[in-house]
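To start, the structure itself, in structure tokens.
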Amino acid sequence: MFHTDEIILAGFGGQGVLSMGQVLSYAAIIDAKETTWMPSYGPEMRGGTANCIVIISDRRISSPIITRFDSGIILNQPSLEKFESAIKKDGFLFYEESTIITPPAREDLTVLKIPAIKEAELMKKKQVANMIMLGAFLEIKPVVSMDSVLKALKKVLPERHHHLIPLNEQAILRGRELAAQQIQMTV
Amino acid sequence: MFHTDEIILAGFGGQGVLSMGQVLSYAAIIDAKETTWMPSYGPEMRGGTANCIVIISDRRISSPIITRFDSGIILNQPSLEKFESAIKKDGFLFYEESTIITPPAREDLTVLKIPAIKEAELMKKKQVANMIMLGAFLEIKPVVSMDSVLKALKKVLPERHHHLIPLNEQAILRGRELAAQQIQMTV
Amino acid sequence: MSTDVLTQELQQGFDCVYEKPDTLTDTRFHYCPGCGHGVAHRILMETIQELGIAEQTVGVAPVGCSVFAYHYMNIDMQEAAHGRACAVATGVKRVLPDRYVFTYQGDGDLAAIGTAETIHAVNRGENILIVFINNAIYGMTGGQMAPTTLAKMVTSTTPYGRETDWIGFPLKMTDLVAHLPGAYYVTRQAVHTPNAVRKAKKAIRNAFEYQKLNKGTCFVEIVSNCPSGWKMNPSDSNKWLEENMLPFYPLGDLKVPEKA
Amino acid sequence: MSTDVLTQELQQGFDCVYEKPDTLTDTRFHYCPGCGHGVAHRILMETIQELGIAEQTVGVAPVGCSVFAYHYMNIDMQEAAHGRACAVATGVKRVLPDRYVFTYQGDGDLAAIGTAETIHAVNRGENILIVFINNAIYGMTGGQMAPTTLAKMVTSTTPYGRETDWIGFPLKMTDLVAHLPGAYYVTRQAVHTPNAVRKAKKAIRNAFEYQKLNKGTCFVEIVSNCPSGWKMNPSDSNKWLEENMLPFYPLGDLKVPEKA
Amino acid sequence: MIKGYIEINKDICKGCELCIEACPQGSLRLSTHINTRGYRYVELVEQNCTGCTNCALVCPDVAITVFREQKPKKAV
Amino acid sequence: MIKGYIEINKDICKGCELCIEACPQGSLRLSTHINTRGYRYVELVEQNCTGCTNCALVCPDVAITVFREQKPKKAV
Amino acid sequence: MQEQISKEREIRLMKGNEALAEAAIRAGMHAYFGYPITPQSEILEYLTEQMPKRNFKVLQAESEVASINMIYGAAGAGARVMTTSSSPGISLMQEGLSYIASAELPCVVANVVRGGPGLGTIQPSQGDYFQAVKGGGHGDYRLIVLAPNSVQEMADFVFDGFRLAEKYRNPVMILTDGALGQMMEKVALPPEGSLEHVVPEWATVGKPKTREPNIITSLFIEPEKMQAVNIHLQKKYKTIEENEIRYEEYHTEDAEIILTAFGLSSRLCQKAVDLAREAGIKVGLLRPITLFPFPYQRISELAHDAKAFLTVEMNAGQMVEDVRLAVNGKKPVFFTGKMGGIIPSPEEILAKVEEMAANINNLTEVER
Amino acid sequence: MQEQISKEREIRLMKGNEALAEAAIRAGMHAYFGYPITPQSEILEYLTEQMPKRNFKVLQAESEVASINMIYGAAGAGARVMTTSSSPGISLMQEGLSYIASAELPCVVANVVRGGPGLGTIQPSQGDYFQAVKGGGHGDYRLIVLAPNSVQEMADFVFDGFRLAEKYRNPVMILTDGALGQMMEKVALPPEGSLEHVVPEWATVGKPKTREPNIITSLFIEPEKMQAVNIHLQKKYKTIEENEIRYEEYHTEDAEIILTAFGLSSRLCQKAVDLAREAGIKVGLLRPITLFPFPYQRISELAHDAKAFLTVEMNAGQMVEDVRLAVNGKKPVFFTGKMGGIIPSPEEILAKVEEMAANINNLTEVER
Ligand SMILES: Cc1ncc(C[n+]2csc(CCOP(=O)(O)OP(=O)(O)O)c2C)c(N)n1
Ligand SMILES: Cc1ncc(C[n+]2csc(CCOP(=O)(O)OP(=O)(O)O)c2C)c(N)n1
Ligand code: SF4
Ligand code: SF4
Ligand code: SF4
Ligand code: SF4
């Protein structure tokens with residue numbers, strides 16, 4: 001059987017959800033998989049939420065716009081409210097701890113609450129919270145190889161930020177650790 | 001059999017060929033016939049020639065734009081050159097004498113050369129040359145009733161020129177005389 | 001917020017000295033935090049409220065960030081095609097000459113694609129109010145260069161700064177229309193400080209009062225910010241406006257009616 | 001008329017001091033008798049001949065009576081959509097920056113439907129020459145009101161005279177563009193007398209010479225007649241022009257380059 | 001000094017801070033909480049509000065209502 | 001006085017009479033004949049043309065060619 | 001038509017353009033916005049001349065883009081409005097028309113078609129059928145399209161146009177051509193004021209306290225909302241298709257060959273039918289009067305007994321696609337036409353018909 | 001497609017809009033003129049960002065009307081040029097497009113379609129098929145219309161577009177949509193400079209003494225001349241129809257039900273075919289790649305063995321008319337679609353297919 005992963009990544013504009021999705025998609029290409037990355041666009045983004053849908057598959061992807069997802073990576077409250085119900089039964093939900101007031105209610109989901117912003121602050125670089133989330137996601141859902149993710153980072157980050165690549169790598173690894181710990185705890 | 005008359009009226013702009021045609025068409029309506037009046041239009045008129053096609057028929061007229069005519073009423077040299085060949089075999093050609101340098105060459109046509117401008121000058125109103133031509137035409141080709149023509153004049157002339165109606169009537173009658181004389185001469 | 005609730009909450013011995021006018025609906029503005037559109041909306045609708053002309057007013061919204069103005073303004077409104085608000089307003093005013101008609105337009109709408117409609121409406125002296133929000137950028141579509149974008153200013157379509165030698169110069173549309181005989185009252189205002197807001201509101205009030213006289217077009221430019229497009233926080237954007245926009249677009253009246 | 005024939009005919013001891021330039025084709029103008037378009041065409045093409053730039057020049061014809069300009073001008077030309085000559089010329093100039101590019105436009109074309117394209121081309125300082133024939137009427141379509149039609153002037157769409165209070169005012173487009181920083185040289189000329197023709201030709205020559213400098217747009221208005229549209233004979237039309245057009249559209253330079 | 005107070009609709013406030021800057025008394029500050037739309041909203045802290053309406057004048061979201069102490073009424 | 005003469009292309013002339021007006025010498029007049037396009041064309045009548053080119057300058061139809069007496073050449 | 005003309009009608013000889021303008025005044029048009037273009041400038045000229053004497057407003061706009069948006073504004077304000085132009089000018093109105101259709105504003109737009117593409121020629125043409133009928137603007141919308149074939153109908157269809165526009169809150173296009181605009185024929189004019197008008201309740205005329213704001217818009221940013229609007233529009237178009245199809249038949253009863261043609265070409269075809277009938281060929285004519293809604297069903301019925309169809313147009317073949325869709329392969333459908341402002345003659349059509357008749361049981365369409 | 005990608009191609013993850021822009025640069029575009037509009041503003045943004053580093057010109061025009069006329073000027077001057085917009089902006093270009101087609105100027109115009117009509121929504125749609133394919137402007141003209149269905153094709157079709165435009169002196173439209181413009185996918189970019197360009201001899205580049213003036217015009221005032229131009233254009237379109245039809249088939253060999261869809265919808269259909277095949281239903285897909293010229297003949301051939309057709313579009317049913325014209329009554333043709341920016345899901349299509357399959361020998365089209 002062919003395999004497909006459908007992921008929604010959502011948060012406020014500026015939290016880096018779009019580039020998080022791009023790293024996933026780029027890594028998929030490096031892994032020789034098919035992929036689409038589809039952002040929400042237009043004025044709805046204005047000061048509000050930003051999200052993107054990433055699909056990674058063994059074969060050609062039909063629509064880049066879908067309404068049900070295998071996993072969600074959620075970085076703010078409005079997005080959680082919008083997308084919690086859009087995650088497929090028994091799917092995965094990763095959310096950033098400090099931005100969520102009312103945690104998800106669904107019981108079928110595997111839910112991971114990642115203190116990404118706190119951890120990023122510990123790393124002295126608030127901006128890498130998204131990579132911590134990404135790492136956490138990849139620990140549980142290794143939809144692309146870690147090797148490719150690290151290569152993808154180079155492609156997605158603009159040249160002028162390439163000095164931050166090691167930090168981003170670190171953040172991804174930190175995210176993996178956090179997820180691994182949490183899963184063990186819940187198990 | 002149904003009867004149709006197809007007439008081309010042509011000359012320089014300002015000679016009144018368009019209103020001559022309108023008088024014909026209006027008279028046709030009064031005679032309860034079908035009629036169309038179609039002017040040449042657009043920049044080709046600029047300072048150059050003006051012409052209109054009048055069709056009068058017992059039944060519905062298909063195209064208002066045709067390329068072969070039963071009769072031609074011609075008021076300048078370029079128009080003669082343009083339309084002489086467009087008159088049907090054995091048709092009728094009425095031309096204003098003083099404006100034509102090279103007279104028509106076709107032998108099948110009944111040709112009447114009317115000194116309309118000279119006569120109009122005699123009547124102290126250059127502008128009625130067109131009505132003299134119309135009168136001449138109607139004498140030979142009574143496509144509408146004279147009664148209706150006189151009524152039509154009132155409709156076609158703008159209100160402010162209504163005092164000129166008697167003069168125009170006179171001109172039409174003068175045209176008829178001229179044509180009658182000429183036909184007799186040729187016969 | 002309805003007056004009832006306020007009355008209840010009102011502390012003894014206090015008057016309500018500022019509240020949202022009824023001419024604004026309860027719909028929240030979708031504008032970015034700190035965006036001048038909100039203030040401009042508010043003073044426009046306050047004026048209509050204060051003049052008591054809401055029932056006689058028809059507004060025309062543009063295409064731009066303020067495309068949804070009709071969600072907020074509690075009056076009859078039309079949404080015009082991009083750049084055509086002045087033509088639409090002309091259509092309205094010609095068939096409803098006794099109504100107050102205004103357009104509310106951004107700089108891309110009014111001074112780029114709508115240049116001809118703007119100039120000709122003013123030249124005809126259409127008896128309308130044109131509110132022109134000049135934020136030197138296309139906010140709605142994501143921060144592209146507007147005709148009013150300042151020289152050297154960075155936008156998403158002038159990533160290296162507006163190079164006037166080949167892209168063209170910031171266009172002072174308000175100055176242009178002030179030259180037209182159809183213009184009756186032309187002024188440039190701003191809304192970045194309390195005082196500026198007071199003055200801008202007065203200008204709008206003047207404009208509506210002049211509209212009664214049937215003497216020609218009133219044109220009120222409001223120099224405004226676009227924190228998102230300019231990629232600044234609201235407070236910095238207002239500072240930038242003061243330091244960069246106002247020297248080039250100085251505030252004040254460009255044409256005032258001659259005294260009777 | 002080719003030079004050969006002239007030479008043959010030339011009387012001993014006489015020089016030819018005026019003849020049709022080679023930059024005009026042998027096609028007869030379709031213009032009405034006495035129409036200023038002919039003179040404007042001629043001086044434009046004479047200048048191109050005299051400057052020796054025919055091979056480097058691309059012209060843009062408008063929609064209007066001069067729509068057929070390309071039949072007469074013996075150079076590469078494009079026929080633009082109504083009002084869009086400035087946009088078309090921009091397209092040409094941007095890809096052929098070392099060519100001389102000009103538009104030739106009537107008042108309806110340039111100042112009504114083409115207002116936005118005109119203003120923005122000048123505002124960008126497109127390095128082109130815009131020749132603007134202002135005859136205060138739409139000649140081509142049969143004498144309708146133009147934006148430049150004078151107050152009270154009778155046209156086929158202002159049969160009772162242009163009533164400025166509801167149709168709008170005659171638009172001084174040249175004055176408007178002179179305010180734009182992209183304009184380098186802006187002048188208003190006429191061609192109704194020998195002297196006016198000489199001056200107008202000089203203005204066109206200036207414009208082409210400035211184009212070499214790459215400093216912005218040159219804009220030459222030519223106040224002209226339309227005997228057909230005005231319903232006058234040519235000589236009366238020129239008198240009318242002198243008495244009515246020139247007081248409102250006074251001749252002279254509106255913007256000249258600063259001395260280096 | 002005249003006394004005043006303001007009410008801030010915290011669900012509407014977008015935390016643009018323009019009112020904070022506009023307040024001549026320095027009576028306003030950003031809350032540490034966020035509202036349902038994710039914005040830190042503004043709150044009145046210092047009790048020195050004069051009801052000058054400056055904050056309301058610059059508030060782009062019409063989030064502020066202003067109250068001012070009644071002037072003693074003149075005797076009729 | 002300088003001597004000159006002009007040639008008028010009578011097929012091109014539209015008889016607008018602008019050259020007649022422009023001629024300071026009054027050398028031009030309308031012919032009584034019409035050309036192939038129906039216009040009375042212009043002709044040079046008075047032999048007092050100075051070759052000033054005024055007629056050609058105002059002629060909208062480029063119908064006029066102007067000749068002028070050669071100035072005696074300066075000795076080289 | 002002729003028979004229906006009541007006694008109260010005033011008879012005149014008029015140009016099609018003038019008849020249309022006069023009819024608009026009599027139909028109670030409140031305002032007209034337009035820009036000159038041959039061959040329809042007489043409309044604006046006629047109206048400016050009449051304006052001081054009668055009760056309506058005219059404004060010469062700065063362009064066709066401005067005209068159509070003025071129409072938008074005035075229609076939105078509840079007025080009965082019209083604009084007219086010819087091909088290039090109508091192309092400039094496509095954005096505005098799409099807005100008007102989406103905002104559901106009633107108005108009449110006449111296209112006095114000239115030969116294209118481009119600046120083209122000013123002579124009559126039918127080259128804008130696709131644009132009018134399939135939608136030259138963006139998105140799924142429909143104009144109600146009426147195609148007059150006489151000066152009388154140039155007048156009558158203005159009344160029909162306003163009636164339909166207001167009944168369905170939909171723009172109506174009168175698709176005519178330069179010949180019909182420029183020619184004079186007899187026209188019997190309906191009396192002034194014979195078409196009732198009420199200010200629609202949705203119009204932006206100033207909001208009284210008693211109702212919610214009226215909003216004229218075509219913006220529906222959420223796709224679900226836009227979808228709902230589209231579904232509503234499609235339903236409306238369906239209703240129009242059910243109720244408003246108009247066509248005329250001429251000798252179709254026993255026809256083996258059915259000519260189909262609209263507007264001016266239908267007159268040429270009528271003549272061709274006469275000529276062919278005289279020559280003993282069984283030919284008939286179906287003339288769609290409404291181009292949208294199109295008489296698909298009637299053509300489909302005729303395809304039962306007829307042996308072949310010939311569509312005649314003054315273009316490269318546009319309506320013929322709709323005829324083919326209607327016939328749907330039941331019988332071969334042929335096309336003949338003239339382009340660039342030339343009018344095919346009845347004789348040419350006859351020749352084509354004779355050719356078909358000679359081979360009537362053996363006709364096959366060329367494979368596409 | 002995938003297989004053809006040569007080793008020299010650079011692989012990137014790109015938005016469709018960016019891929020199109022980057023491809024235009026690599027295809028040797030000389031100049032781009034455009035105006036911002038969602039969902040395609042990235043094209044202008046990308047190009048202004050790249051301009052100082054590469055060899056081409058960009059100008060942000062004052063409007064779409066200006067853009068298309070700048071394109072006219074630059075194309076007439078012999079340059080390889082492009083403009084892009086989205087639905088409302090493309091409507092504003094209709095006059096200009098008609099001029100460009102008539103003057104026979106090569107250029108590429110991309111329409112990143114959004115939901116209409118009117119201001120509509122900014123979400124993806126296919127509502128502009130009629131406008132692109134039948135002609136939204138006036139007169140008889142055709143755009144060559146290419147419909148990509150992937151980011152890869154957003155890039156590739158720019159090359160094809162310029163090639164076809166220049167081969168036939170005809171404007172080419174890339175008809176895509178907001179989803180294809182905004183989404184990122186893998187794209188293999190052809191190397192820069194791989195598409196040859198010669199300045200055409202008809203271009204207005206300044207007339208040397210040795211030749212007659214070059215004139216770019218669409219004005220042919222005499223109807224005979226205009227007719228000749230039209231005949232020439234129609235012949236050219238015929239040649240294009242003979243040589244340039246492109247389509248893709250998927251499992252059509254034994255298909256009883258043929259889906260037809262272009263652009264994004266064809267991807268949904270491909271998925272639906274997979275799902276249906278899994279369920280044992282014999283379904284295939286024909287995807288027209290060129291919308292003009294349209295693969296009428298291939299569809300007509302398929303109509304032989306297939307039992308029914310289902311056209312799937314993101315509109316109210318536009319291409320379905322061309323499918324019907326091709327099938328010409330041989331088999332029933334059904335339609336399903338979503339409007340207003342909504343993308344139909346493969347499951348919805350599957351449901352429709354299953355419904356048809358259940359009744360496969362008894363299907364009849366609703367009478368129109
Ligand atoms: C015909 C057309 N072209 C382009 C657009 C896209 N568009 C929407 S708003 C806008 C510009 C907005 O800028 P501005 O008018 O300055 O207003 P702001 O958003 O800054 O308030 C553009 C180009 C459109 N909707 N329609
Ligand atoms: C889009 C469009 N609208 C209208 C026209 C009709 N039209 C042709 S020329 C013209 C105006 C001509 O007037 P002007 O520009 O003043 O030039 P003139 O003829 O007076 O020299 C108009 C309205 C057209 N061809 N295209
Ligand atoms: S994008 Fe700019 S103009 Fe638009 S709402 Fe945001 S700040 Fe205001
Ligand atoms: S109509 Fe007027 S502008 Fe046109 S050629 Fe005649 S005189 Fe000249
Ligand atoms: S100005 Fe208004 S929106 Fe901004 S922080 Fe103050 S209360 Fe909130
Ligand atoms: S100016 Fe020229 S066209 Fe006019 S009369 Fe003289 S020669 Fe003839």
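Below, chain A is the first sequence line, B the second, and so on; all start at residue 1.
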Does the pair F/Val62 and D/Tyr18 meet the rule for a side-chain contact (heavy atoms from CB on, under 4.5 Å), with working shown? CA-CA 10 Å; F/Val62 208; D/Tyr18 182 79; 3.9 Å; yes
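The OG1 atom of D/Thr193 lies 11.0 Å from the CG atom of F/Leu18; values are rounded to the nearest 0.5 Å. D/Phe14 CZ to F/Gln70 CD: the interatomic distance, rounded to the nearest 0.5 Å, is 9.0 Å.
The minimum heavy-atom distance linking D/Pro33 with F/Tyr39 is given by the pair CG-CE2, 3.5 Å. Nearest heavy atom pair, residue D/Cys16 against residue F/Thr65, reads SG-CG2, 3.7 Å.
Ranked by non-hydrogen atom pairs under 4.5 Å with chain F, the options D/Ile43, D/Val39, D/Leu24 are led by D/Val39. For the set F/Ala22, F/Cys59, F/Gly51, F/Gly15, the entry with the most heavy-atom pairs within less than 4.5 Å of chain D is F/Cys59.
Side chain of F/Lys14 to backbone of D/Tyr31: a donor-acceptor contact under 3.5 angstrom is found. At distances below 3.5 Å, at least one donor-acceptor pair connects side-chain atoms of D/Arg42 with backbone N or O atoms of F/Ala56.
Within the 4.5 angstrom heavy-atom criterion, only backbone atoms of F/Ile64 (N, CA, C, O) approach chain D. Proximity to chain F (any heavy atom under 4.5 Å) is restricted, for D/Val197, to the side chain, taken from C-beta onward. In this structure, chain D has heavy atoms under 4.5 Å from both the backbone and the side chain of F/Ile12. Using a 4.5 Å cut-off between heavy atoms, F/Cys52 touches chain D through its backbone atoms (N, CA, C, O) alone.
The environment of NZ in D/Lys239 is crowded: more than 12 heavy-atom neighbours from other residues, nucleotides or ligands sit within 6.0 Å.
Contact check for F/Asp61 versus D/Lys20: no side-chain heavy atoms found under the 4.5 Å cut-off.
No side-chain N or O of F/Glu17 forms a donor-acceptor pair with one of D/Ser235 less than 3.5 Å apart. Side-chain atoms of F/Asn9 and D/Arg28 form no donor-acceptor pair, as typed in the model, at a separation below 3.5 Å.
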